[in-house]
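This report concerns only the one structure given below.
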Protein chains: 2
Amino acid sequence: MNIEEIARRSGVSRSTVSYALSGKRRVSEVTRRRIQAVIDELGYRPNATARALKEGRTRTLGLVIPPASQRLTDMQLGFVASVVDAAARADLDVLLSPSGGEHDRSFERMVGGKRVDGVILMEIRLEDDRVAHLRHTRLPFVGIGRTSRPDEMSWVDVDYEMLISRCVTHLADLGHRNVALVNRSAELVAAGYGPGHRALAGFTRTVAERELYGVQTCCADDAQSGVTCVERLLREHPDLTAIATINEAALPGMYRALDQAGLSVPRDFSLIGVAARHWAENLHPPLTAADVPADELGARAVDLLLQHIADPDTPHRHHLVSPPISLRGTTAVARPR
Amino acid sequence: MNIEEIARRSGVSRSTVSYALSGKRRVSEVTRRRIQAVIDELGYRPNATARALKEGRTRTLGLVIPPASQRLTDMQLGFVASVVDAAARADLDVLLSPSGGEHDRSFERMVGGKRVDGVILMEIRLEDDRVAHLRHTRLPFVGIGRTSRPDEMSWVDVDYEMLISRCVTHLADLGHRNVALVNRSAELVAAGYGPGHRALAGFTRTVAERELYGVQTCCADDAQSGVTCVERLLREHPDLTAIATINEAALPGMYRALDQAGLSVPRDFSLIGVAARHWAENLHPPLTAADVPADELGARAVDLLLQHIADPDTPHRHHLVSPPISLRGTTAVARPR
DNA sequence: TTGTATGCGTTATCAG
DNA sequence: CTGATAACGCATACAA
């Protein structure tokens, strides 16, 4: 059933039906009523595809997420949820593209096929082919995360460098002299994943400033890796009294390893990090952490994207958040092991 | 840039370009080469919207998820990931609709606007308006979950009744006589959420069969609620020695409450449940649980949906899984408190 | 082996 | 206030 059918049954032309629906030109009250009655009776809804073809826009946003195979972190899930939510508030749908590498089929379909009016890109690398590609196509897009050239695009991001710096400062203030950074996976960091690099930069800088002894290690994004990673750290660096981390997924394992090493948190060992609030609160004891406002970032990303869609010449804008550290149960004054 | 432009620049007609691309009729090698060269040079990709309008299908699957505001459980996230993955393998995209209630705008857009070739429905209630609506529109759909009339649709589901029954049996075998069921949220159960009702049925039945004392309670889907819920259970039912649950999100809080009550798991108190494997393994100690194979279910749902799309008259099919309980660290022989 | 013409369902312009 | 009609970009039946 299409607009033609409604028109016929209402005894009017297709254009009148269209205008009755859109309100873009006056339609007499009686015919409007008659049309509406037919529409209600048949349950007619305009075909979105035909409309998109005619209007040149799909009323759809693309969301590029990390490949589904690797489980999304709680923070990433928060981004997805808030993007979908914000889009729904603007009556827009969200098309998902699970694409990590550069020449991904679903990404290509979405962008090349003009399936969306704009794209939100997650898990951006310092050098990211997808960014180059999107810039070239002139399709509006916004990053949750940024490349090494911040001015080339609009983005929202978490200031990992600042946050890890604050974490180290907090540990130093508590008297910790030997601290470690547990980063994201080696693959991710090797691929130029921004947060990994920026966290390391913040760690290195602050360790130097406070004249601490610092060690950095990568760790795969899962609990088991968290266990082995912390076991190794404790073994190879017996003086360690604190860990800072940006690796949410490894945290449960890190807790477990500390527990099994007979170290009580925070009495014997301090733990601090950057994480989604729910994640931090759900750990036991709850993690002292900079709570990333995933909701706000996702909503902001959608806002920025909508601006670019409305006016492609909108200058690039950026939104860098550095939420304060919420003191919970996992940091305390240093105590030699 | 469109197919017309490619045709002009290649000195052929639009249809020849189209056929060169689709391979649906012979095109001489030379012209094919020439066309391909132009396409490569301009980076042309057929417009997906126009193609969808012409072909009458969108190459897109709709995935209806619980409203993003309420955080998805790990299991639900697993479903989403596996659906997206399976769809990508079939070169299909996934459109997300965060819709809980009946008259949701995004759901209506997706279904009424014919934006998708088929729908996968999550978090189905025993009586679900969306199911009725989809049946009425004759749009192919598959449930992850099922209504009270299993034969009215195709679905995949977890046999919560069976699984909770097995959990209770396991507890009874260990000598537990006073056990509790921690269900999903009261709102969800009141709304007729299937797993909540079926878990309760399995619990009630098995408690009776084994002549145990059983108590059931709802609990909101978050850690804090898990804490208060277990605190209350321990207070009001001092003889309780074990809990079975299907509430993933509450589990961290349940652990915490037991810990704070001075009860060591599993020595003083047993805990068992139904959960995604990663979730169970990440808890500390790892939860003895029936591991829901979210990946398999999501992939199966896509399979079923593709069959219905290919042939709308395919009879309804069902896939009910009841994975075995993985013994981990949280159940032991009953010890009176 | 290739070209022409039609229609998918809308919206919007032009005419009345 | 309303109707006829031309696009939107593509795929395909029909001609040649």
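Throughout, protein chains are lettered first and strands after them, A, B, ... in sequence-line order, and every chain is numbered starting at 1.
- Using a 4.0 Å heavy-atom distance criterion, A:S15 is classed as a base contact.
- For the pair B:L21 CG and D:dT12 C1', the computed distance is 14 Å after rounding to whole Å.
- Close to D:dC8, at under 4.0 Å from its OP1 or OP2, lies no side-chain N or O of B:T49.
- Looking at the side chain of A:R51, the nearest of the listed nucleotides D:dA13, D:dT2, C:dT11 is C:dT11.
- Residue-level contact check: B:T31 touches the backbone only, with heavy atoms under 4.0 Å from sugar-phosphate atoms and none from bases.
- Under 4.0 Å is where a charged nitrogen must lie from a carboxylate oxygen, and between A:D91 and B:R105 at least one such pair does.
- For B:Y19 and D:dA15, the OH to P distance is 14 Å, given to the nearest whole Å.
- Side-chain contact of A:T16 with A:S13: a donor-acceptor pair under 3.5 Å is present, judged by distance alone.
- Using a 4.0 Å heavy-atom cutoff across all strands shown, A:G11 reaches sugar-phosphate atoms only and no base atom.
- In this structure, B:E29 and B:A50 both approach DNA chain C, and ranking their closest nucleotides by distance from the 5' end singles out B:E29.
- A:R32 has its CZ atom 16 Å from the C1' atom of D:dT2, to the nearest Å.
- The base of C:dT10 does not come close enough to the side chain of A:R59 for any donor and acceptor atom to sit less than 3.5 Å apart.
- Atom CZ of B:R33 has 12 or fewer neighbouring heavy atoms from other residues, nucleotides or ligands inside a 6.0 Å radius.
- Rounded to an integer number of Å, the gap from B:R26 CZ to D:dA16 C1' is 19 Å.
- Rounded to an integer number of Å, the gap from CZ of B:R14 to P of C:dG3 is 12 Å.
- One cannot find a donor-acceptor pair under 3.5 Å joining the base of C:dA12 and the side-chain atoms of A:K54.
- Distance A:L53 CG to C:dT10 C1': 8 Å, rounded to the nearest Å.
- To the nearest angstrom, P of C:dG7 lies 19 Å from CD1 of B:I3.
- Distance A:R57 CZ to C:dT10 C1': 13 Å, rounded to the nearest Å.
- With respect to the salt-bridge test (charged N to carboxylate O, under 4.0 angstrom), the residues A:E5 and A:R8 qualify.
- In this structure, A:K24 does not reach the C:dT11 phosphate: none of its side-chain N or O atoms is under 4.0 Å from OP1 or OP2.
- Ion pairing of A:R130 with A:E108 is absent here, as no side-chain N (NZ or NE/NH1/NH2) approaches a carboxylate O to less than 4.0 Å.
- Residue-to-nucleotide contacts include no donor-acceptor pair under 3.5 Å from the side chain of B:R25 to the base of D:dT12.
- A close approach under 4.0 Å does occur between a side-chain nitrogen or oxygen of A:S18 and OP1 or OP2 of C:dT11.
- With rounding to the nearest 0.5 Å, the separation of CG in B:L306 from CG in B:L92 is 6.0 Å.
- Of the candidate nucleotides C:dT13, D:dC10, C:dG9, C:dG9 has the atom nearest to the side chain of A:N47.
- Nearest to the side-chain atoms of A:T16 among the listed nucleotides D:dT12, C:dA12, D:dG3 stands D:dG3.
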